[in-house]
There are 2 protein chains.
Amino acid sequence: MNREAIQFAKILKKSGHSLTDPRKRLFKLLGSGKAMSVNEIVSALPYDRSTIYRTLELFQKLGIVVEVHLGWKHKFELSDMFQHHHHHLTCINCGKVLPLKEDKELENSIAHLSSRSSFKPVDHQLEIRGFCMNCQNKY
Amino acid sequence: MNREAIQFAKILKKSGHSLTDPRKRLFKLLGSGKAMSVNEIVSALPYDRSTIYRTLELFQKLGIVVEVHLGWKHKFELSDMFQHHHHHLTCINCGKVLPLKEDKELENSIAHLSSRSSFKPVDHQLEIRGFCMNCQNKY
DNA sequence: AGTATTTTTGCAAATTTGTCGCAATTTTTG
DNA sequence: CAAAAATTGCGACAAATTTGCAAAAATACT
């Protein structure tokens with residue numbers, strides 16, 4: 001078991017939850033790094049749809065996964081606890097999602113901006129929408 | 001007809017689409033500046049749900065409206081083409097949404113970042129999630 | 001303006017997405 | 001290993017979104 005898997009198990013235990021097969025397999029699946037929709041997850045794993053929903057809800061509450069809002073669909077990916085902070089480019093036409101690797105300058109701006117208000121920031125997500133290489137000449 | 005309405009008509013024409021009543025009224029409705037959900041739109045206009053969905057999809061592809069993610073719901077508002085660019089702070093606890101006024105430094109970072117790829121950016125949205133002043137001492 | 005052509009809309013039905021209670025199964029406790 | 005606790009699968013629902021197609025509206029062309 002690698003470091004991430006150990007930390008994952010620890011989070012579940014500490015919060016009084018069981019380490020079950022569906023939870024282990026979902027965590028492993030998301031370990032690929034790709035943001036996935038519920039449907040993609042359901043077809044990749046041999047578990048009931050409702051189990052997937054319940055597991056995702058739990059993972060969100062424990063901070064293991066985050067929901068990212070991409071296009072019309074919601075997708076899920078591991079939180080910054082398990083992978084590098086990043087944002088997304090989404091294609092307006094075909095829906096494809098490309099990760100955008102972390103940028104210091106950007107993160108500084110966001111941190112700076114948040115700190116100015118009496119609002120207490122917890123996290124943030126940036127979506128840059130546009131046309132991917134393949135879809136650029138369709139509109 | 002004001003400047004916005006003319007530009008709107010021009011965008012439709014140029015892309016080979018008709019200027020119809022449902023389209024005109026949806027554009028006008030969103031002109032209020034408030035981000036609206038599909039349900040709010042459907043009850044405000046005398047057109048079929050599927051028409052609203054199809055119109056919103058078209059408007060998105062033409063860059064007339066953008067989908068904004070406020071908490072767990074998606075809403076729609078006019079794009080930067082028709083109203084001032086802004087981002088949102090959303091309260092994790094009470095769901096309140098606060099507009100965040102434009103910040104040069106942030107926008108520069110984003111512009112710089114977008115231009116590096118073969119992806120063609122159209123717009124972007126940033127959601128900063130956290131706790132508003134009233135909800136800060138509840139957790 | 002009037003008609004042919006093209007595009008869009010409404011309607012009904014299908015599909016997809018998300019929720020819930022409860023009995024059966026799995027995990028944890030000790 | 002047995003008892004207790006937590007989790008899962010199933011089925012029934014409810015809500016959200018998509019689709020095919022005939023009717024209606026918009027546009028193009030005399």
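Order of the sequence lines sets the chain letters (A, B, ...), proteins ahead of strands, with each chain counted from 1. All values reported here derive from a predicted model rather than from experimental measurement.
- In this entry the distance linking CG of A/D21 with P of C/dA24 reads 21 Å, nearest Å.
- Using a 4.0 Å cutoff on non-hydrogen atoms, the parts of residues 40-48 of chain B near DNA chain C are B/Y47, B/D48, ordered by number.
- Residues satisfying the side chain to side chain contact (heavy atoms under 4.5 Å, CB included) criterion with A/Q7, sequence neighbours excluded, are A/R3, A/I11, A/M81, A/F82.
- Remark: P of C/dT16 and NE2 of A/H74 are 18 Å apart, rounded to the nearest angstrom.
- What separates CZ of A/F76 from C1' of C/dG18 is a distance of 10 Å, to the nearest Å.
- In this model, a donor atom of one side chain and an acceptor atom of the other lie less than 3.5 Å apart for A/H86 and A/E77.
- For residues 50-64 of chain A, proximity to DNA chain D is found at A/S50, A/T51, A/R54, defined as any non-hydrogen atom under 4.0 angstrom from a strand atom.
- Remark: A/R49 is not in phosphate contact with D/dG11, judged by side-chain N or O atoms under 4.0 Å from OP1 or OP2.
- Using a 4.0 Å cut-off between charged nitrogen and carboxylate oxygen, A/R129 and B/E67 do not count as a salt-bridge pair.
- Between B/H124 and A/H87, the distance from one ring center to the other does not fall under 6.0 angstrom.
- Within the structure, every side-chain polar atom (N or O) of B/S18 is placed at least 4.0 Å from both OP1 and OP2 of D/dA25.
- Considering only side-chain N and O atoms, B/R23 lies under 4.0 angstrom from the phosphate OP1 or OP2 of C/dT9.
- The NZ-C1' distance, from A/K24 to C/dT28, rounds to 13 Å in whole Å.
- The separation between B/L26 atom CG and C/dT8 atom P is 15 Å, rounded to whole Å.
- For the pair A/H17 and C/dT26, the criterion of a side-chain N or O lying under 4.0 Å from OP1 or OP2 is not met.
- Regarding A/L19, its CG atom lies at a distance of 11 Å from the P atom of C/dT29, rounded to whole Å.
- Between B/L126 and the choices A/L126, A/I128, A/L106, the side chain to side chain contact (heavy atoms under 4.5 Å, CB included) rule is met once, by A/L126.
- Within the 3.5 Å criterion, the main-chain N or O of A/S18 finds a donor-acceptor partner in the side chain of A/R23.
- Checked against A/Y53 for a side chain to side chain contact (heavy atoms under 4.5 Å, CB included), the options A/V38, A/L58, A/V42 give a single hit: A/V38.
- Panel note: side chain A/H17, backbone A/S15; a donor-acceptor pair is recorded below 3.5 Å.
- Between D/dT8 and A/T20, a contact under 4.0 Å exists linking OP1 or OP2 to a side-chain N or O.
- Pairing for D/dA3 is with C/dT28, a Watson-Crick or G-U wobble pair whose two hydrogen-bonding atom distances lie under 3.5 Å.
- Annotation: B/F8 is in aromatic contact with B/F59 [ring centroid separation under 6.0 Å].
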